[in-house]
Amino acid sequence: MTEQISPVRSPCMGVCALDENDLCIACRRSGMEIAEWGVLTNDQRREVIEKIERRYQGEIC
């Protein structure tokens with residue numbers, strides 16, 4: 001029997017407005033990360049989440 005793996009949830013907060021650095025003012029994803037979210041693997045989504053955490057700490061990546 002194969003175990004069903006749940007997808008990593010989107011960090012979207014329903015605001016979707018990009019700032020001058022092409023980062024969403026709410027979830028801190030780039031425009032490209034937002035556009036590609038639906039086709040990313042769970043591992044890739046976790047990488048984006050890690051980038052978001054660094055962005056909240058003041059690092060632009």
Side-chain angles (χ1 to χ4, degrees):
M1 181 185 248
T2 307
E3 184 179 329
Q4 196 76 7
I5 299 175
S6 298
V8 174
R9 284 189 58 164
S10 170
C12 181
M13 297 177 188
V15 176
C16 296
L18 301 178
D19 67 12
E20 64 277 354
N21 295 313
D22 191 42
L23 297 176
C24 177
I25 63 171
C27 73
R28 305 306 294 162
R29 287 183 293 169
S30 70
M32 187 59 70
E33 290 165 345
I34 293 168
E36 292 179 339
W37 187 263
V39 297
L40 296 178
T41 65
N42 274 342
D43 286 339
Q44 291 169 319
R45 288 177 177 188
R46 285 186 200 94
E47 289 175 15
V48 171
I49 298 292
E50 288 174 13
K51 286 181 184 179
I52 291 168
E53 290 171 1
R54 291 195 305 269
R55 289 173 184 147
Y56 274 118
Q57 294 171 3
E59 298 176 32
I60 300 284
C61 52

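Heavy-atom basis, side chains included; hydrogens, waters and symmetry copies ignored.
- Checked by atom type and distance alone, the side chain of Asn42 pairs as donor or acceptor with a backbone atom of Val8 at under 3.5 Å.
- Note that CZ of Arg55 is 10.5 Å distant from SG of Cys24, once rounded to the nearest 0.5 Å.
- Taking each heavy atom of Arg29 and Cys12 in turn, the nearest pair found is NH2-CB, 3.5 Å.
- The two atoms that bring Cys27 and Pro11 nearest to each other are CB-O, 3.4 Å, heavy atoms only.
- Closest of all the heavy-atom pairs between Arg28 and Glu33 is O-OE1, 4.5 Å.
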Pair Arg45-Val48, side chain to side chain contact (heavy atoms under 4.5 Å, CB included): steps then yes or no
CA-CA 5 Å; Arg45 288 177 177 188; Val48 171; 5.6 Å; no
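- Atom-to-atom distance recorded for Ile34:CD1 and Asp22:CG is 8.0 Å, nearest 0.5 angstrom.
- At least one donor-acceptor pair closer than 3.5 Å links the side chain of Asp19 to the backbone N or O of Asn21.
- Between Ile49 atom CD1 and Ser10 atom OG the span is 7.5 Å, to the nearest 0.5 Å.
- Under the 4.5 Å side-chain heavy-atom criterion for grouping Ile, Leu, Val, Met, Phe, Trp and Tyr, Trp37 is not connected to Leu18 through any hydrophobic cluster.
- One distance of note links CD of Gln57 with CZ of Arg54; it measures 9.0 Å at 0.5 Å rounding.
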